[in-house]
Amino acid sequence: MKKVAVLMAVLALFAAAAFAAPKHWVVGFSQIGSESEWRTANTISVQNSFLEDTSFTLIYSDAQQKPENQIKALRSFIARKVDCIVFTALVETGYGPVLEEAKRAGIPVIMIDRDVQASDRHLRLTIMGSDFVKEGEKAGTWLADYLKKKGLDDGKKQINIVELQGTTGSAPAIDRKTGFATVMKTHPNWVLTRSQTGNFTSSEGKQVMEAFLKADKNIQVLYAHNDQMALGAIQAIKEAGLKPGKDIIIVGVDAVKGAFEAMVAGEMNCSVECSPLLGPQAVQAVRDLRDGKKLPARIWTIEGIFDETNAAAALPTRQY
Ligand code: GYE
């Protein structure tokens, strides 16, 4: 009898362990700010995904575009002994020492969206998000196809391109420039006549485009590192009495709703998709980590490209 009772008690313990609630984890999330529609969608995606799982508490910190605020936030997460840090790096450099501190404290760091510089990557566990170099290449390849299709590029006549860069020193600004430049090299008649940062915002995109237009009447293409700056530039182009999407071909990145609306209105020509909806992936990675699973070193997001041929059909199903 005694043996049976002991056996039952052991079985009950096993059952309890099997159905035990997962360990509660506190996760610190250092976000860079709210410079674009993309960023807003990204923040909401991460916050909502963690909210849906009650075994997590997310501490959210908005750095308002200042790396020093991010360093402070990371230090406060370390001081609070959070279980894990989710981190988007505003720019690539400057986070080495604080990441060392997290490592020393035994707190794993999962990057989402923007990575740190290569020499600091051993200090974080993984990175999930988009291939920004590929996005730049896609923008260039789309432009080459479009110019050819419209009979606008004979390979000899100079095509003047202006570029609105993202935040200086950030991974997407560096990589989107690099990717586009690779395609430019194969088109010797394409010339980058002007290139300046618009900090990924609509207002700066507009301002810089205004300055470009004042100084230069001969612009055929605008390549913007995100749609938000392209949307600002569209305003500037209109105010200068030109037709965006016609007098100047406009290529952006992100595929946010505003870009779809502009494409459907014929005022923008292409947007390379970059999904901000990283929340579900981020929660899954933290969950796997808590369960003791090994995370892959890189988790890529799969993305498409949109232009006048498919924007109208896709618009109703867009989530951001
Ligand atoms: O393209 C831009 C945002 O880091 C990929 O940041 C992200 C970029 C995105 O402000 O709109």
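No hydrogens, no waters, no symmetry mates; every other heavy atom, side chains included, goes into these values. Counting starts at 1 for both ligands and their atoms, following the listed order. Numbers for residues simply follow the sequence, beginning at 1.
For ligand 1, the atoms lying closer than 4.0 Å to a non-hydrogen atom of Pro172 are 4 (O). Counting the atoms of ligand 1 from 1 in the order shown, those under 4.0 Å from a heavy atom of Phe132 are 5 (C). For ligand 1, the atoms closer than 4.0 angstrom to any heavy atom of Ser36 are 2 (C), 3 (C), 10 (O), 11 (O). Atoms of ligand 1 lying under 4.0 Å from at least one heavy atom of Arg114, given by number and element, are 3 (C), 4 (O), 6 (O), 8 (C), 10 (O). Residue-ligand proximity, Arg176 to ligand 1, at heavy-atom distances under 4.0 Å covers atoms 1 (O), 5 (C), 9 (C). Heavy-atom contacts of Phe200 reach the following atoms of ligand 1: 2 (C), 10 (O) (cutoff under 4.0 Å). When each atom of ligand 1 is checked for a heavy atom of Glu35 under 4.0 Å away, the hits are 3 (C), 6 (O), 10 (O).
Tested against Ile248, the residues Val162, Ile161, Leu213 include a single side-chain contact (heavy atoms from CB on, under 4.5 Å) partner, Leu213. The only member of Lys138, Arg176, His225 that meets side-chain contact (heavy atoms from CB on, under 4.5 Å) when paired with Val253 is Arg176. Here the rule is side chain to side chain donor-acceptor pair (under 3.5 Å) with Gln31, and of Asp113, Thr43, Asp62 only Thr43 fits it.
Considering all non-hydrogen atoms of both residues, Pro296 and Thr126 come closest at O-OG1, 2.7 Å.
Atom 11 (O) of ligand 1 has Asp254 OD2, 2.6 Å as its closest protein atom, hydrogens excluded (heavy atom only). When only non-hydrogen protein atoms are considered, atom 5 (C) of ligand 1 lies nearest to Asp113 OD1, 3.2 Å.
A cation-pi contact links Arg290 to Phe56, judged by a cut-off of 6.0 Å to the six-membered ring centre and 45° from its axis.
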(Q) Evaluate Ser30 against Gln70 for side chain to side chain donor-acceptor pair (under 3.5 Å), listing each step before the verdict. (A) CA-CA 6 Å; Ser30 170; Gln70 288 206 289; 3.1 Å; yes
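Under a 4.0 Å N-O distance rule, the pair Glu267/Lys238 qualifies as a salt bridge.
Residue Asn226 has at least one nitrogen or oxygen atom sitting less than 3.5 Å from a nitrogen or oxygen atom of ligand 1, judged on distance alone.
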